[in-house]
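Lettering follows sequence order; numbering is per chain, from 1.
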2 protein chains.
Amino acid sequence: MNKSSSSVAEIQNQTDDKTLSGQTTLALREAIIKGDIAPGEKLNEPKLAEQFQVSRGPLREAIRRLVAMRLVKHVPHVGATVVTLELKSILELYDVREALEGKAAALAAENMSPQDIAKLRSLLELHRQHSEDNPGQYMQTDGDFDFHYQIIKGSGNQLLTDQLCDELYHLIRMFRFQTSRFKSRSNRALIEHEQLIYAIEQRDPQLAEMLMRKHIARAKTAIKQALGNIESSDIEPSSVK
Amino acid sequence: MNKSSSSVAEIQNQTDDKTLSGQTTLALREAIIKGDIAPGEKLNEPKLAEQFQVSRGPLREAIRRLVAMRLVKHVPHVGATVVTLELKSILELYDVREALEGKAAALAAENMSPQDIAKLRSLLELHRQHSEDNPGQYMQTDGDFDFHYQIIKGSGNQLLTDQLCDELYHLIRMFRFQTSRFKSRSNRALIEHEQLIYAIEQRDPQLAEMLMRKHIARAKTAIKQALGNIESSDIEPSSVK
DNA sequence: TGAGTGCGCATTGTCAACAATATCTTGTTT
DNA sequence: AAACAAGATATTGTTGACAATGCGCACTCA
């Protein structure tokens, strides 16, 4: 397959695109995800082009790619704005994740090579150990995503992988940045991951799918409960500069 | 909701984009789906710009949008080519459909309004009648898609709807055009649709999801059997001019 | 004759100026 | 004073020219 990537930082795709529009896409994407450009904010082409030291051409292209990633909304003759992740959108995102990643887990149980399964288990052990050493850890969520990422890739379905890792993944990252205060420090995820990898090792697609779906559905419920009351009062654009 | 659309021809989104790049996107998309530009063929920017009577700017933008729709592959400094739908990609597509449309059916069973369910049933009756009148019909597949389309929209999940109807839908259309000779004339789909709508009327999400998944999985199996032997011998670019 | 190298051409990437559209401001009218 | 209309301004859409990269061809040399 590819090189044995496992770190989140390594996930960055499109790294081999030395073209200006490619570079601008990466820069603009990170600026949006990290909140340097606030949700709902308008993307002024001349201003941003100046800021990124490129012409409007490549910048426009970058914007269109971010539209495809659903990080940006665009209206003809009006302009592009950063998406605002209100609760409804996030819950929708988790329903889609449940469907896609559930199927990914099932396919992984069928297709994943023994070597990749072994790597997945060692990754889990790594996270478990880190979790024991640092009780109030915040690497939890990143570790969670490493795990999911490996399973998705293990599905062997390129379309599925593209949809999850190239598009929806960045939406999730953006949401995580905006709500990084509420990092769930429960080690429940660790237990559920343990069950999941067991199902994959047993080559049980149905069980793997069900476990993954419950895992994500639980996360969705937790989000709903945490954000359901406050909604837009505490989810403000956040001056995270 | 929206206007009560039901015809396939009416599905065309992006119709309100009077901009040149928008129009060019539609034209180029149809040219690719219908095979006027063959699978694997290179998209020559100056040539196509001349052909569509636009500058290279809007044309490039159209290409990028088709890349997002997965109808076109692009390599920096080399160019864009129409995707080639080999069997593997198509099976992958159907796995993704199974996951997403399964979830859509479950959500539709929960959220669809009684009025929309009634419209869905009348649509089914329309197709059944058409099927009885014309035993060797070829409206079957289009009717099939109308049905699926309405259920997806009935899910009430905007992200899910966008992913299926704005992106994957066109891939499916392209595949259908290329294999239009093998139109399955079985009325099995009609029976399965009947079961599905019953589950939705009963507000049974789990049953609806399972029926939808089996429905799509069966279609996948049929495709595998029909194309598994011949593969690239009969799926040639096809000079459908 | 075959392999390798360098040149030339075709194509993609980028830029800055121009055109078209929307938004904002200002003034007028009721 | 509020609402509407018309003009001014800012922003997006489009264009053609220029730069950079890749590819193919021919030519050379072993």
Side-chain angles (χ1 to χ4, degrees), chain A residues 12-29 31-32 36-84 166, chain B residues 12-29 31-32 36-84 166:
Chain A
Q12 303 294 1
N13 55 339
Q14 214 168 19
T15 311
D16 54 335
D17 189 346
K18 293 304 177 195
T19 202
L20 268 187
S21 48
Q23 296 299 106
T24 306
T25 303
L26 294 183
L28 186 57
R29 190 181 73 190
I32 289 175
D36 294 343
I37 305 176
E41 190 171 334
K42 183 136 187 287
L43 297 181
N44 186 307
E45 291 182 3
K47 182 166 146 251
L48 286 174
E50 154 78 301
Q51 188 172 328
F52 288 115
Q53 295 287 344
V54 292
S55 174
R56 273 182 58 217
L59 183 91
R60 280 171 68 87
E61 198 169 311
I63 290 178
R64 299 312 151 95
R65 295 199 210 178
L66 296 185
V67 169
M69 284 182 205
R70 301 167 199 287
L71 293 177
V72 166
K73 289 239 178 297
H74 177 258
V75 179
H77 289 287
V78 173
T81 55
V82 178
V83 292
T84 59
D166 289 351
Chain B
Q12 305 294 2
N13 55 337
Q14 215 169 17
T15 311
D16 53 338
D17 189 347
K18 293 305 177 196
T19 203
L20 268 188
S21 47
Q23 296 299 106
T24 306
T25 303
L26 294 183
L28 185 57
R29 191 182 72 190
I32 287 175
D36 295 342
I37 306 176
E41 189 171 335
K42 185 141 188 287
L43 297 181
N44 187 308
E45 291 182 3
K47 183 166 148 250
L48 285 174
E50 154 74 356
Q51 189 172 328
F52 288 114
Q53 295 287 344
V54 293
S55 174
R56 273 182 58 217
L59 182 91
R60 281 171 67 88
E61 200 169 311
I63 290 178
R64 299 312 152 96
R65 295 199 211 178
L66 297 185
V67 169
M69 284 182 205
R70 300 168 200 286
L71 294 176
V72 166
K73 288 238 179 298
H74 177 259
V75 179
H77 288 289
V78 174
T81 56
V82 178
V83 292
T84 58
D166 289 351

Spacing between B/Glu50 atom CD and D/dG16 atom C1', to the nearest angstrom
14 Å
Heavy-atom nearest nucleotide on DNA chain C taken for A/His77 and for B/His77; more 5' hit belongs to B/His77
Counting just side-chain N and O atoms, does B/Lys42 come under 4.0 Å of either OP1 or OP2 of C/dT12?
yes
Does a side-chain N or O from B/Thr19 land closer than 4.0 Å to OP1 or OP2 of D/dT12, or not?
no
Name the closest nucleotide to the A/Val78 side chain, picking from C/dA22, C/dC15, C/dT12.
C/dA22
4.5 Å side-chain heavy-atom contact, A/Arg65 and A/Ser21:
yes
Quick one: CG on B/Leu28 to CG on B/Leu66, what's the gap to the nearest 0.5 Å?
5.0 Å
Looking at OG1 of B/Thr81 and CD1 of B/Ile32, how far apart are the two atoms once the value is rounded to the nearest 0.5 Å?
9.5 Å
Nearest to the side chain of B/Asn44 - C/dA16, C/dT12, D/dT14?
C/dT12
Rounded to the nearest 0.5 Å, what's the gap from CG on B/Asn44 to CD on B/Gln51? Could you check?
10.0 Å
Between atom CZ in A/Arg56 and atom P in D/dG16, what is the gap in whole Å?
17 Å
Answer with base, sugar-phosphate or nothing: what part of the nucleic acid does B/Leu43 contact at a heavy-atom distance below 4.0 Å?
sugar-phosphate
List the atom of A/Val83, the atom of A/Pro39, and the distance in Å for their closest heavy-atom pair.
O-CB, 3.5 Å
Are B/Ser21 and D/dG13 close enough that a side-chain N or O sits under 4.0 Å from OP1 or OP2?
no
Taking CD from A/Gln23 and P from C/dG13, how many angstroms apart are they, rounded to a whole number?
14 Å
Output yes when at least one side-chain N/O atom of A/Arg60 is less than 4.0 Å from OP1 or OP2 of D/dG13, else no.
yes
Just call it for A/Gly57: base, sugar-phosphate, or nothing, with non-hydrogen atoms closer than 4.0 Å on any strand.
nothing
Distance check needed: C/dG13 C1' versus A/Asp17 CG, whole Å only.
11 Å
Please report, rounded to the nearest Å, how far the P atom of D/dT14 is from the NZ atom of B/Lys18.
13 Å
Rounded to whole Å, CD of A/Glu45 lies from P of C/dC15 at a distance of 14 Å
In whole Å, what is the span from the CG atom of B/Leu59 to the P atom of C/dT11?
14 Å
Could you give the CZ-to-P distance, from A/Phe52 to C/dC15, as a whole number of Å?
14 Å
Closer than 4.0 Å, any side-chain N/O of A/His74 to the OP1 or OP2 of D/dG13?
yes
